[in-house]
Amino acid sequence: MASLSLRNMYKKYPGGVIAASDINLEIRDKEFIVLVGPSGCGKSTTLRMVAGLEEITEGELYIGDRLVNDIAPKDRDIAMVFQNYALYPHMTVYENMAFGLKLRRMPKNEISRKVEEAAKILDLTHLLDRKPKAMSGGQRQRVALGRAIVRDPKVFLLDEPLSNLDAKLRAQMRTEISKLHKRLGTTFIYVTHDQTEAMTMGDRIVVMKDGFIQQVDTPNVLYERPANKFVAGFLGSPQMNFIETRVTKQDDQYVLEFGSNEADGKKYTIVLPEAKASADLEGYVDRSVIMGIRPESIHDEEMYISNATTGIIECNVELTEMMGAETFLYLNCAGIPLTARVSPRTTTKMNDVIKVAIDPNRVHLFDKETENTIIN
């Protein structure tokens, strides 16, 4: 097995296009790490540099203790699973899985043992004589995984392997790949633009934007303590609400002011609890900042509102979405759009005027210019 070390890696194309900038990442042996970000953020380019399919313009890549910048892809002891499966249509499942081993001139009995072992792990034993066109998308994806497994590589690279599957199959395959990782005990590097995949599968997540790494940490830390506004908005569905607010100080308490109540024209206020009263806020008094609040931290329950002493605002309900285990409320609060995730037992309907309470303990604040986090 192997750890990986990506040190100051760049990918520059002719014409001054920089696809990946100063990539520094230490990946532990047997870790499942996910690269996530919007299209064009550099995640697939980074993966392809690890695979050897893209030349590293600057920087160094180590697999274990070996510098592999100039090592051919076939000699890096890695296996890659692509988005489009890349199976040979004229070959059976067995032949597809065995093909790489035949090229290495491995003995037939050894090939047979490895293919049958992988087929058993992936529940493909009954499909070994089929050709890809006679199989579902999920089955084809498992064959692509099987072709990688038989090589017994040090590192698995998976480039958006589930994006061609329907939602139900995607959820099923997420579970299967996570189980496969635990079973094989190999290092996995997984690329996706789907933050749900990232949050549910990765030991750690690398969030990327415009070729730069924004933050690397566990799913829980990224969700609870994002390093900047981009990370906060990218992870979570529905995404975090952002409101421009003004920081004021009253009786040694920090107060956030925003919007205004249509009935009396007064600003809405949130008094920050002592635990949030960081010294970092002192420099922001009487300045605008961006407040972030997750949809689950906006409450419409009467009991919560009656006990709240701050952060109560009045909203028009523009839309409700019943999602089964929860309901999403799309609200307009004096021109400020908000999304709330509430109990499915809510009686709130479209066009209602309701009061909601923002939980002051769950507020995030971001610098308006740099978008870096001030407090979490």
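Please read these numbers as outputs of a predicted model, since none were measured by experiment.
Heavy-atom minimum distance, Pro360 versus Leu272: O-CD2, 4.3 Å. Ala325 and Pro344 make their closest contact through O-CD, 3.4 Å (heavy atoms, listed as atom of the first residue, atom of the second, distance). Glu26 and Glu31 make their closest contact through O-OE1, 4.4 Å (heavy atoms, listed as atom of the first residue, atom of the second, distance). Looking at every heavy atom in both residues, Ser297 comes nearest to His299 through O-CD2, 3.7 Å. For the residue pair Leu169 and Gly138, the shortest heavy atom distance occurs at CD2-N, 3.4 Å. Looking at every heavy atom in both residues, Gly52 comes nearest to Pro73 through O-CG, 3.4 Å.
Remark: Glu224 engages Arg362 in a salt bridge, criterion side-chain N to carboxylate O under 4.0 Å. A salt bridge links Arg113 with Glu110: the distance from a Lys NZ or Arg NE/NH1/NH2 to an Asp or Glu carboxylate oxygen falls below 4.0 Å. Under the 4.0 Å criterion applied to side-chain N and carboxylate O atoms, Glu257 and Arg246 are not assigned as salt-bridge partners.
For Met322, the CE atom is densely surrounded, since the number of other residues' heavy atoms within 6.0 Å is greater than 12. Taking a 6.0 Å sphere around NZ of Lys120, one finds it holds 12 or fewer heavy atoms contributed by other residues, nucleotides or ligands. Around the CZ atom of Arg225, the shell of radius 6.0 Å holds no more than 12 heavy atoms that belong to other residues, nucleotides or ligands. The environment of CE in Met350 is sparse: at most 12 heavy-atom neighbours from other residues, nucleotides or ligands sit within 6.0 Å. Surrounding CG of Asp252 are at most 12 heavy atoms belonging to other residues, nucleotides or ligands under 6.0 Å away.
Side-chain contact between Met291 and Ile270: present, with at least one pair of heavy atoms (C-beta onward) separated by less than 4.5 Å. No side-chain heavy atom of Asp203 sits less than 4.5 Å from a side-chain heavy atom of Phe188. A heavy-atom distance below 4.5 Å is found between the side chains of Ile111 and Lys102. Annotation: side chain of Leu331 is in contact with side chain of Val317 (closest heavy-atom distance under 4.5 Å). A 4.5 Å side-chain heavy-atom check between Val289 and Asp367 finds every atom pair outside the cut-off. Taking the side chain as every heavy atom from C-beta outward, Asn24 and Asn8 approach each other to under 4.5 Å. Proximity of Tyr268 to Thr245: side-chain heavy atoms (C-beta onward) are nowhere separated by under 4.5 Å. Residues Leu61 and Arg76 form a side-chain contact, since some pair of their non-hydrogen atoms from C-beta on lies under 4.5 Å apart.
A cation-pi contact links Lys11 to Tyr13, judged by a cut-off of 6.0 Å to the six-membered ring centre and 45° from its axis.
Here the straight-line distance linking atom NZ of Lys276 with atom CD1 of Ile375 works out to 5.5 Å at 0.5 Å rounding. In this structure, Leu162 CG and Gln172 CD are separated by 11.0 Å, a value rounded to the nearest 0.5 Å. The structure places CD of Glu302 at 10.0 Å from OG1 of Thr347, a figure rounded to the nearest 0.5 Å. With values rounded to the nearest 0.5 angstrom, Leu122 atom CG is found 6.0 Å from Leu145 atom CG. With values rounded to the nearest 0.5 angstrom, Ile78 atom CD1 is found 4.5 Å from Leu157 atom CG. To the nearest 0.5 Å, atoms CG (Leu35) and OG1 (Thr46) are separated by 6.5 Å.
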Given side-chain hydrogen bond (donor to acceptor under 3.5 Å, both in side chains), test Asn228 with Gln215 step by step and report yes or no. CA-CA 9 Å; Asn228 56 41; Gln215 189 174 358; over 6 Å; no
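In the hydrophobic clustering of ILVMFWY residues, with side-chain heavy atoms under 4.5 Å counting as a link, Ile149 and Leu158 come out together. Both Met199 and Val207 belong to a single network of hydrophobic side chains, linked directly or stepwise wherever heavy atoms of I, L, V, M, F, W or Y lie under 4.5 Å apart.
Judged as a side chain to side chain donor-acceptor pair (under 3.5 Å), the pairs with a partner in residues 56-74 (not counting sequence neighbours) are, in order, Lys12-Glu58.
Residue Leu47 is tested with Glu54, Met80, Glu160 for a side-chain contact (heavy atoms from CB on, under 4.5 Å); the sole match is Met80. Screening Leu329, Asn316, Ile305 for a side-chain contact (heavy atoms from CB on, under 4.5 Å) involving Ile354 leaves a single residue, Leu329. Checked against Thr192 for a side chain to side chain donor-acceptor pair (under 3.5 Å), the options Lys43, Glu197, Arg174 give a single hit: Glu197.
Side-chain atoms of Glu321 and Tyr330 include a donor-acceptor pair closer than 3.5 Å. If you check the side chains of Glu116 and Tyr94, you find no donor sitting under 3.5 Å from an acceptor.
Side-chain N or O atoms of Thr346 include none that pairs as donor or acceptor with a backbone N or O of Ser343 at under 3.5 Å. Judged by distance alone, the side chain of Asn96 and the main-chain N or O of Ala144 form no donor-acceptor pair under 3.5 Å. At least one donor-acceptor pair closer than 3.5 Å links the side chain of Asn241 to the backbone N or O of Thr339.
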Show the atom names and distances, to 0.1 Å, of all donor-acceptor pairs under 3.5 Å that link a side chain in residues 233-240 to residues at least two apart or in another chain.
none

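Aromatic ring orientation, Phe242 versus Phe366: perpendicular (interplanar angle above 60°, classes split at 30° and 60°).
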